Amino acid sequence: MAVRSRGGDPVWAVALGIALLLLLAAGGVAGAVYFAKTSFANRTSPEAVDAAFAADTDSAALVQAMQETYPEDYAKVREAISLSARRGASPPALQAQTFALMRNAALAHLDELTQAPHAELAAFIAAESRMIEALEADDLTLCARYIMRGFGPGEVLPPDAKIALAEMGVAQWRGAAAGRDRPAKRKIGAVLPPRDAEALVAAMRRQGMDDRDLEVFSTPHLWMRAAPAQQCSVGKWLVAAVGALPPEQADRVAGWLILQKRLN
């Protein structure tokens with residue numbers, strides 16, 4: 001039997017969707033990476049990779065943040081893409097490889113991101129909230145797809161969502177670097193403490209979640225079959241609720257959610 005809060009909500013309700021909700025860190029950020037250019041067929045040096053990244057106005061700031069904060073990770077990405085291009089990889093193959101390389105690089109620094117100071121962690125959460133709101137306003141199906149599994153390589157985003165996603169990527173790399181250089185030393189366990197789970201569910205209710213939404217969200221087979229509008233709304237409420245919690249609690253919950261990425 002599920003443990004329930006005094007208000008009747010299962011304290012683990014928000015956790016049930018985590019294996020599906022690719023809401024934080026690498027799952028969404030990697031969706032910004034559309035760097036495979038047809039010009040690689042003729043210009044395959046590492047410098048050509050740099051030029052292609054810089055020319056992508058949607059993602060240039062994200063890549064610059066990665067270069068500045070984790071130069072060794074960036075160097076591995078550019079060398080791998082350059083090598084594949086020299087070996088004749090097609091543009092779609094380069095795009096898929098870039099997506100995977102950037103995603104794996106981001107996943108490697110989740111622990112550091114969880115220890116980012118509050119300002120940097122809050123900036124990451126705020127950027128994701130803006131992105132989900134933009135998706136909800138423009139394309140509910142795409143919004144639901146992001147909530148349920150994250151973006152894949154080649155995903156086409158509406159302009160406002162694309163901007164917010166790039167901002168989210170910048171915030172992720174700079175947040176991870178801040179957590180590395182100025183760690184908050186917060187303790188994040190394998191299980192979300194009941195008081196934090198209860199506060200998160202209560203905050204989601206204040207964002208607009210009702211009893212039926214909670215029932216669907218906390219019942220896997222219902223959640224998988226929910227309408228795109230409901231999946232999008234619940235995901236939006238979840239991220240907004242994290243940002244609405246008191247700072248220390250928000251940071252613990254965000255950190256715990258981020259670490260769930262390792263389970264996917």
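Just so it is clear, the structure is predicted and the values come from calculations on it, not from any experiment.
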For the backbone of Gly179 and the side chain of Glu112, can you confirm whether one donor and one acceptor N or O come within less than 3.5 Å of each other?
no

Matching residue for Arg205 among Asp210, Leu214, Leu200 - test: side-chain contact (heavy atoms from CB on, under 4.5 Å):
Leu214

Using the rule given for side-chain contact (heavy atoms from CB on, under 4.5 Å), can you reason through Asp111 versus Leu259, listing the C-alpha separation, both sets of side-chain angles and the distance that settles it, and then say yes or no?
CA-CA 7 Å; Asp111 286 319; Leu259 289 184; 3.3 Å; yes

Validation row: Ser129, Lys236 side chains within 4.5 angstrom (heavy atoms):
no

State whether a side-chain donor-acceptor pair under 3.5 Å links Tyr74 with Asp50.
yes

Minimum heavy-atom separation for Ala54 to Ala60, with atom names?
O-CB, 3.8 Å

Whether Trp256 side chain and Ala190 backbone form a donor-acceptor pair below 3.5 Å
yes

Do the side chains of Glu215 and Arg212 get close enough for a salt bridge, i.e. N-O under 4.0 angstrom?
yes

Could you tell me which non-hydrogen atom of Leu135 sits nearest to which non-hydrogen atom of Cys143, and how far apart they are?
CB-CB, 3.7 Å

Can you tell me if Glu248 has over 12 outside heavy atoms packed within less than 6.0 Å of its CD?
no

Between Leu113 and His109, is a side-chain contact (heavy atoms from CB on, under 4.5 Å) present by the stated rule, with each step listed?
CA-CA 6 Å; Leu113 182 60; His109 300 290; over 6 Å; no

The criterion is side-chain contact (heavy atoms from CB on, under 4.5 Å); which residues satisfy it with Ile163, sequence neighbours excluded?
Glu167

Should Met204 and Leu222 be regarded as members of a common hydrophobic cluster, given that ILVMFWY residues are connected when their side-chain heavy atoms come within less than 4.5 Å of each other, either directly or indirectly?
yes

Could you tell me whether the side chain of Val216 reaches within less than 4.5 Å of the side chain of Arg225, counting heavy atoms only?
no

Are the side chains of Leu157 and Asp138 in touch, meaning some heavy atoms are under 4.5 Å apart?
no

Is a side-chain N or O of Arg252 found less than 3.5 angstrom from the main chain of Leu192, in a donor-acceptor match?
no

Met224 with Leu142, same ILVMFWY side-chain cluster at under 4.5 Å
yes

Side-chain donor-acceptor pair present, Arg145, Thr141, cut-off under 3.5 Å
no

Aromatic plane relationship, Phe217 with Trp223 - under 30° parallel, 30 to 60° tilted, over 60° perpendicular
perpendicular

Measuring from atom CE of Met131 to atom CE of Met168, what distance do you get when rounded to the nearest 0.5 angstrom?
5.0 Å

With the side chain counted from C-beta on, respond yes when Ser84 and Ile81 share a heavy-atom pair under 4.5 Å apart, and no when they do not.
no

Rounding to 0.5 Å, atoms CZ (Arg186) and CG (Asp251) come to a distance of 4.0 Å

